[in-house]
Amino acid sequence: MNTLIHPERVRCLNREQQITGPVIYWMSREQRIRDNWAYLFASRLATRNRSQLIVLFNLVRSYPGATFRHYDFMLQGLKTVEKQLRSLNIPLFVLAGDPAETIPHFIDEYRAGAIVSDFSPLKISRTWKKKLVQNTPVLHYEVDARNIVPSWIASDKEEYSARTIRPKINSRLDAFLTGFPEIEPPDSGGNVVSAPTVDWQRLYAFINVKSDVKPVSWIVPGEDAAMQQLAEFIKNGLTRYAAERNDPTANAVSHLSPYLHFGQISAQHVALAVKKSNAPLECIDAFLEELIVRRELAENYCFYNSRYDSLDGIQPWAKKTLEEHRHDKRQYLYDTDIFEEGKTHDPLWNAAQSELRNRGKMHGYLRMYWAKKILEWAPHPEAAFETALYLNDKYSLDGRDPNGFTGIAWSIGGVHDRPWFERPVFGKIRYMNYNGCKRKFNVDNYITLQGTICTRPQ
Ligand code: FAD
Ligand code: FO1
């Protein structure tokens, strides 16, 4: 078992020297202890310095786009983190407020010697960290515990497509796709910091988000449940992945995206487990293409393109073609409310919207159709992007994620795609239609499954 933490996985965010005092792991995106390079790095740093390791999570009152459904999934998952840390005798502190204020205060209070944070390409996380680095003179390491090949190593620029990033990732997989060591409790040399028990009720009372989007019951949050879901997928879904992954009625996908989004499972762990399975090679390859290449391409997009959250970020050819078709007549025109309520003329679209609202996760194939139809029926492309992002982030458990920004930018703005035949409204952006879906899967079955009326659109 390789127990090394690849040095290129870690980067230093400032030039401070480490001083004596506890090492803080600021857990944000990677909400797990198992298979977490950031935790491991912090733990080893603490051991090397004979310091105490403290794990810190900072709860913000209202994360952009998030609702009670997401907070509940996250907080329930964090409860399992607390349990695990308790068994390792490692204190967990959950702060509440703006991390630019709470964390510097905590660092002062506990006279921390160093801080380790986990990497995210999203602007919100980068702003939090930038402020912390500016205001707090404590050595700060950042660890990419999300990507198998760290974003800053896979490529030094925004990639055009899967075709251009794939060889770059594949050429580094031998070095990075290694097994994880067992969880290592740090050796603090007898220094102990005790943490108060986490007051979950107080934290639930602290958050201020839309409470009408309720938690869902088909998926159980937390590290253990994520591992169980992985095992279930390897047993019952993976062997059908190559042939049936685009069929939303086949249940041949992993349903791991909510766990991956909240860092309750490591993509690297998933990749190793899938590679080790007895599934046909074509299924393993097809799955790893999504889990590694497509997912890490999305990270690359958000890391190198700060306009990932609007149509400003798309390629010049796509901007031009959408502009040329801005005033094309729309056959149907809907505002955000009609989309949100799933009251369009298209029962397939409405069913997909209902899956999103009721289950908090839409099948991947339908997400493309869903977003492209928003482009077709919204008054203009910017409104389409905004509506798609709003609905995706509000309802999807895995929303507010690089994959979501990129998936919407792909569907509506041609990101990572190429120009196709020109047509009204879409211009050269790839088109999808109802008949295409009918060729892929039993549309009526899907609609029935979502509990909506089964009529064909005109
Ligand atoms: P599986 O097919 O089992 O895939 C396993 C993992 O591979 C996924 O969990 C994900 O991490 C990765 N993956 C699969 N497909 C893609 C893809 N196209 N791009 C990048 N990574 C991929 N994914 C999100 O995680 N969050 C989102 O908010 C999100 N919004 C999307 C919006 C649109 C309009 C589109 C077109 C795609 C979106 N995706 C999003 C990507 C993809 O649809 C989901 O990752 C996938 O459906 C998640 O389900 P799963 O885990 O069962 O997928
Ligand atoms: N991370 C935190 O550090 N604190 C939070 O309070 C928090 C809330 C939150 C709500 C919804 C959601 O989807 C993610 C949330 N995250 C939170 C996680 C996180 O910061 C993100 O996953 C990354 O920014 C994504 O890259």
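Start at 1 and go down the list; that is how both ligands and their atoms are numbered. Note that the coordinates shown come from a computational prediction; the quantities given were computed from them, not determined experimentally.
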query = Would K83 and D224 pass as an ion pair if we require N to O under 4.0 Å?
reply = no
message: Tell me if the centroids of the rings in Y334 and F339 come within less than 6.0 Å of each other.
response: yes
Residues with a heavy atom under 4.0 Å from ligand 1, by chain and number, are Y241, V253, S254, H255, L256, S257, L260, F287, E290, L291, R294, R295, K361, G364, R367, M368, A371, N392, D398, G399, N403, G404, G407, I408, S411
Test of proximity, Q31 against ligand 2: N or O pairs below 3.5 Å: no
| Do N358 and Y395 touch side chain to side chain, with heavy atoms closer than 4.5 Å? | no
Of all protein heavy atoms, the one nearest atom 22 (O) of ligand 2 is H261 CE1, 3.7 Å
A student checking ligand 2 against W128 at a 4.0 Å heavy-atom cut-off should list atoms 2 (C), 3 (O), 20 (O)
Review point. Between R400 and ligand 2, does any nitrogen or oxygen pair lie at a separation below 3.5 Å?
Key: yes
Among F73, Y63, F405, the residue with a heavy atom nearest to atom 10 (C) of ligand 2 is Y63
Numbered in order shown, the ligand 2 atoms found under 4.0 Å of a heavy atom of S120 are 23 (C), 24 (O), 25 (C), 26 (O)
Is the number of heavy atoms from other residues, nucleotides or ligands within 6.0 Å of CG (D337) greater than 12?
-> yes
For this session: Check the surroundings of atom NZ in K129: do more than 12 heavy atoms from other residues, nucleotides or ligands lie under 6.0 Å from it?
Result: yes
Cation-pi check, R202 onto W200 ring (under 6.0 Å, within 45° of axis) | no
Numbered in order shown, the ligand 2 atoms found under 4.0 Å of a heavy atom of N58 are 2 (C), 3 (O), 4 (N), 5 (C), 6 (O)
Consider every N or O of S125 and every N or O of ligand 2, then say whether any pair is closer than 3.5 Å. yes
Ligand 2 to L122, heavy atom cutoff 4.0 Å, flagged ligand atoms 25 (C), 26 (O)
Taking only non-hydrogen atoms of S28 and a 4.0 Å limit, the atoms of ligand 2 in range are 1 (N), 2 (C), 3 (O), 18 (C), 20 (O)
Q.
I'd like to check E142 versus F119 (side-chain heavy atoms, cut-off strictly below 4.5 Å). Are they in contact?
A. yes
- Message: Within the structure provided, determine whether Q84 and R32 are in side-chain contact (heavy-atom separation under 4.5 Å).
- Response: no
Pairwise side-chain contact, L59 with L75, heavy-atom cut-off 4.5 Å (strictly under): yes
query = Can you check whether R29 has an N/O within less than 3.5 Å of an N/O in ligand 2?
reply = yes
The closest protein heavy-atom partner of atom 6 (O) of ligand 2 is V60 N, 2.8 Å
Here the atoms of ligand 2 under 4.0 Å from any heavy atom belonging to F262 are 11 (C), 12 (C), 13 (O), 14 (C)
One finds that the ligand 2 atoms under 4.0 Å from a non-hydrogen atom of L59 are 6 (O)
> Do R357 and E341 meet the salt-bridge criterion of a basic N to acidic O distance under 4.0 Å?
Replying inline: no
Could you check if a side-chain atom of D144 sits within less than 4.5 angstrom of a side-chain atom of N147, using non-hydrogen atoms only?
-> yes
Residues passing the salt bridge (Lys or Arg N to Asp or Glu O under 4.0 Å) test with E296, sequence neighbours excluded, are none
Checklist line | Residues D247, R240: salt bridge by 4.0 Å N-O rule | finding: no
